[in-house]
Amino acid sequence: MDAHIVVAGAGGIGCYVGGCLALAGRKVTFLARPRIGQALRENGLRISDLDGHDRLLAPDAVDASADPAVLAGADVVLVTVKSGATEEMGKLVAAHARPDAIVVSLQNGVDNADRIRSLTAPRPVLAGMVPFNVVQSSEGERPLRMHRASEGTVLVGAGVPGLAELLSVEGCVSAAHADIEDVLWGKLLFNLNNALVALSDLPLAAELADRRWRLVLARQMDEALTAMKASGIRPVAAAGGAPPALLPSILRLPDWLFALLVRRMLAIDGKARSSMWDDLQRGRPTEVDALQGAVLRLAKRAGTAAPTIERTIALVRAAERAGSGAPRLAPDAFD
Ligand SMILES: NC(=O)C1=CN([C@@H]2O[C@H](COP(=O)(O)OP(=O)(O)OC[C@H]3O[C@@H](n4cnc5c(N)ncnc54)[C@H](OP(=O)(O)O)[C@@H]3O)[C@@H](O)[C@H]2O)C=CC1
Ligand SMILES: CC(C)(CO)C(=O)C(=O)O
């Protein structure tokens with residue numbers, strides 16, 4: 001358990017996962033932008049969650065740098081950049097990390113691990129899946145705070161003995177999964193909602209409580225499930241554990257019944273939104289191409305229809321171009 005873990009891209013997920021690992025005594029280095037690295041070094045990192053835990057990784061316990069040369073010390077590299085930065089980070093890993101370093105993509109989307117692998121061979125590259133939402137502290141808040149606002153077990157591809165154990169600590173439970181590709185497709189179904197949270201500007205729990213938004217999500221999921229089925233992809237249940245094929249019907253339930261089911265299946269606190277909401281609010285490019293875009297490409301190849309997915313992409317692109325944050329659309333923007 002003395003492996004050196006480098007978090008490659010310390011933002012919401014990188015700081016939360018890396019923070020939990022460091023608090024558990026793992027040797028962690030954060031490869032971070034100068035602004036984040038400086039805040040971590042000066043004030044430490046606050047790690048909290050929906051169960052009320054709130055811990056501080058003290059400044060002198062943080063190892064953070066903006067220099068990619070820190071990748072040279074890694075036994076394990078956790079790639080936690082947005083999908084648009086995968087290529088840049090893959091090249092840095094290839095340039096600096098040892099040839100035997102194990103690389104794990106903890107990103108959403110279905111092809112980030114493949115993209116990293118193509119740049120970093122011969123290093124073993126595994127895909128991973130983070131099921132929970134991390135809410136980052138507001139601008140200027142010190143210490144930086146990363147709050148886990150929903151639940152779930154991080155899953156990583158099987159094949160490296162001891163890796164899941166290394167990554168499984170208090171606040172961030174991890175396990176190996178033999179069919180990680182199917183897990184990623186299962187997670188993608190949930191990530192189709194990232195755009196709806198971002199476009200509505202609603203917290204995740206409030207957005208899911210509104211059947212009109214759930215109907216839009218159900219339409220996207222129907223289109224994605226049809227394309228997956230036609231392509232021979234069998235998505236594995238992600239958050240909440242409901243079989244993927246049932247998700248659209250569950251979403252179409254009346255509000256009261258849905259609320260009852262969700263309370264049993266999913267714990268989400270009022271702060272949770274989506275990583276795409278973070279991007280729109282910060283004027284950053286979103287991951288819509290890695291999420292809805294992946295479904296659209298699959299649908300085109302399979303010859304299936306995906307009009308709601310296409311509409312979602314157009315609305316997110318328009319919001320990116322407008323650059324004024326989450327546009328507060330109503331569900332009828334999809335009519
Ligand atoms: N946030 C969440 O709740 C969840 C996110 N995910 C997934 O996890 C992945 C990461 O998301 P998230 O943590 O939200 O993203 P963030 O944008 O918060 O974090 C990524 C960080 O990496 C930094 N970065 C990019 N390139 C470099 C570089 N070359 N050197 C150092 N730092 C770099 C970014 O800086 P800069 O922005 O300046 O480029 C940013 O600070 C995504 O694929 C997302 O979909 C999965 C589950 C939940
Ligand atoms: C946890 C979830 C599904 C949405 O909150 C997510 O993956 C994200 O925010 O990117």
Side-chain angles (χ1 to χ4, degrees), residues 6-19 29-40 49-50 64-71 77-93 95-96 104-113 115-116 127-137 144 146-152 154-155 172 183-184 186-198 202-205 207-208 217 238-240 266-269 271-291 294:
V6 175
V7 171
I13 292 300
C15 285
Y16 182 81
V17 173
T29 300
F30 296 92
L31 172 58
R33 293 297 192 202
R35 182 181 58 86
I36 292 182
Q38 187 183 351
L40 291 174
D49 66 35
L50 71 168
S65 171
D67 183 354
V70 297
L71 288 162
V77 179
L78 302 181
V79 178
T80 54
V81 294
K82 287 271 160 63
S83 302
T86 295
E87 194 171 337
E88 180 192 337
M89 190 52 82
K91 286 181 180 163
L92 292 177
V93 172
H96 297 280
V104 184
S105 158
L106 292 182
Q107 302 161 281
N108 282 329
V110 288
D111 67 355
N112 281 303
R115 291 169 61 210
I116 296 169
M129 188 281 287
V130 177
F132 47 74
N133 179 250
V134 170
V135 180
Q136 308 191 28
S137 42
L144 286 181
M146 301 296 160
H147 175 78
R148 177 169 58 80
S150 56
E151 285 183 332
V154 173
L155 298 177
C172 182
V183 168
L184 295 185
K187 173 76 192 293
L188 181 60
L189 292 169
F190 284 86
N191 283 136
L192 297 176
N193 198 39
N194 287 17
L196 307 188
V197 168
L202 291 170
L204 179 57
E207 181 257 353
L208 282 177
L217 178 57
L266 268 183
I268 310 174
D269 81 16
K271 295 193 187 73
R273 293 194 193 244
S274 73
S275 50
M276 196 176 290
W277 179 85
D278 292 339
D279 288 332
L280 280 191
Q281 289 296 94
R282 294 196 201 124
R284 302 280 167 95
T286 72
E287 293 188 300
V288 73
D289 185 61
L291 304 178

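In each ligand, atom 1 is the first atom listed, and ligand 1 is the first ligand listed. The model shown is predicted, which means the values in this text are computed figures rather than measured ones.
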*asked:* Would the distance check show the side chain of Ser274 and the main-chain N or O of Asn194 forming a donor-acceptor pair, the cut-off being under 3.5 Å?
replied: yes
*Could you check atom 6 (C) of ligand 2 against the protein and tell me its nearest heavy-atom contact, residue, atom and distance included?*
Asn191 ND2, 3.4 Å
*Do the side chain of Arg33 and the main chain of Arg35 share a donor and acceptor less than 3.5 angstrom apart?*
no
*Atom indices of ligand 1 within 4.0 angstrom of Ile36 heavy atoms, with elements*: 41 (O)
_Any nitrogen or oxygen of Ser275 lying under 3.5 Å from a nitrogen or oxygen in ligand 2? Just yes or no._
yes
*Are the side chain of Asn133 and the backbone N or O of Arg273 linked by a donor-acceptor pair below 3.5 Å?*
yes
*Please verify whether a non-hydrogen atom of Tyr16 lies at under 4.0 Å from ligand 1.*
no
*Is there a donor-acceptor pair closer than 3.5 Å between any side-chain N or O of Thr286 and the backbone N or O of Asp279?*
no
*Using a strict 4.0 Å cut-off to heavy atoms of Phe132, name the atoms of ligand 1 that fall inside it.*
3 (O), 47 (C), 48 (C)
*asked:* With a 4.0 Å cut-off on heavy atoms, is Ala272 in contact with ligand 1?
replied: no
*Heavy atom of Arg284 under 4.0 Å from ligand 1?*
yes
*Counting from 1, what ligand 1 atoms have a heavy atom of Leu92 closer than 4.0 Å?*
29 (N)
_Non-hydrogen atom of Pro131 closer than 4.0 Å to ligand 2_ = yes
*What atoms of ligand 1 come closer than 4.0 angstrom to any heavy atom of Glu88?*
29 (N)
*Of all the atoms in ligand 2, which lie at a distance below 4.0 Å from a heavy atom belonging to Phe132?*
1 (C)
_List ligand 2 atoms under 4.0 Å from Lys187, heavy atoms only on the residue side._
3 (C), 6 (C), 7 (O)
*Any N or O of Asn108 that comes nearer than 3.5 Å to an N or O of ligand 2?*
yes
*What are the atoms of ligand 2, with element, lying closer than 4.0 Å to any heavy atom of Asn133?*
1 (C), 5 (O), 9 (O)
*Could you tell me whether a side-chain N or O of Arg115 sits under 3.5 Å from a main-chain N or O of Ser83, the two making a donor and an acceptor?*
yes
*asked:* Counting only heavy atoms closer than 4.0 Å, does ligand 2 sit against the backbone of Ser150, its side chain, both, or neither?
replied: neither
*For Phe190 and ligand 2, answer yes if some heavy atom of the residue is under 4.0 Å from a ligand atom, otherwise no.*
no
_Suppose we measure from atom 4 (C) of ligand 2 to each protein heavy atom; which comes out shortest, and what is that distance?_
Asn194 OD1, 3.7 Å
*Modelled atom types, side-chain donor and acceptor of Arg282 and Gln136, under 3.5 Å*: yes
*Have a look at ligand 2 and work out which part of Asn193, if any, has a heavy atom under 4.0 Å from it: side chain, backbone, both or neither.*
neither
*asked:* My understanding is that we take every heavy atom of each candidate and find the minimum distance to atom 28 (C) of ligand 1. Doing that for Lys91, His147, Met276, Arg33, which one comes out nearest?
replied: Arg33
*Is it the side chain (CB and beyond), the backbone, both or neither of Asn112 that lies under 4.0 Å from ligand 1, heavy atoms counted?*
neither
*Write out the residue and atom name of the closest protein heavy atom to atom 40 (C) of ligand 1, then the distance separating them to 0.1 Å.*
Gly11 CA, 4.3 Å
*Could you see which bit of Ala66 sits under 4.0 Å from ligand 1, with heavy atoms only: side chain, backbone, both or neither?*
neither
*May I ask whether Gln136 has any heavy atom positioned less than 4.0 angstrom from an atom of ligand 1?*
yes
*Closest to atom 2 (C) of ligand 1 among Leu106, Ile13, Val7 (heavy-atom distance)*: Ile13
*Give the single entry among Arg273, Glu287, Glu151, Met276 that approaches atom 5 (O) of ligand 2 most closely by any heavy atom.*
Arg273
*Looking only at atom types and distance, does a side-chain atom of Lys187 sit under 3.5 Å from a main-chain N or O of Val130, one as donor and one as acceptor?*
yes
*asked:* Any nitrogen or oxygen of Glu287 lying under 3.5 Å from a nitrogen or oxygen in ligand 1? Just yes or no.
replied: yes
_Hydrogens and angles aside, do Thr86 and Asn112 bring a side-chain donor and acceptor to less than 3.5 Å of each other?_
yes
*Under 4.0 Å to a heavy atom of Asn108 - the qualifying atoms of ligand 1, by number*: 6 (N), 7 (C), 43 (O), 44 (C), 45 (O), 46 (C), 47 (C)
*Touching ligand 1 at all, Lys187? Heavy atoms, strictly under 4.0 Å?*
yes
*Quick one: which ligand 2 atoms are inside 4.0 Å of a heavy atom on Ser274?*
9 (O)
*Give the atoms of ligand 1, by number and element, whose distance to some non-hydrogen atom of Thr80 is under 4.0 Å.*
10 (C), 19 (O), 20 (C)
*Check the pair Val6, Phe30 against side-chain contact (heavy atoms from CB on, under 4.5 Å), reporting the backbone distance first and the verdict last.*
CA-CA 6 Å; Val6 175; Phe30 296 92; over 6 Å; no
*List every atom of ligand 1 that sits less than 4.0 Å from any heavy atom of Met89, numbering the atoms from 1 in the order shown and giving each element.*
27 (C), 28 (C), 29 (N), 30 (N)
*Taking non-hydrogen atoms only, is Val197 closer than 4.0 angstrom to ligand 2 via side chain, backbone, both or neither?*
neither
*Apply side chain to side chain donor-acceptor pair (under 3.5 Å) to Glu287 and Asn108, showing your working.*
CA-CA 9 Å; Glu287 293 188 300; Asn108 282 329; 4.6 Å; no
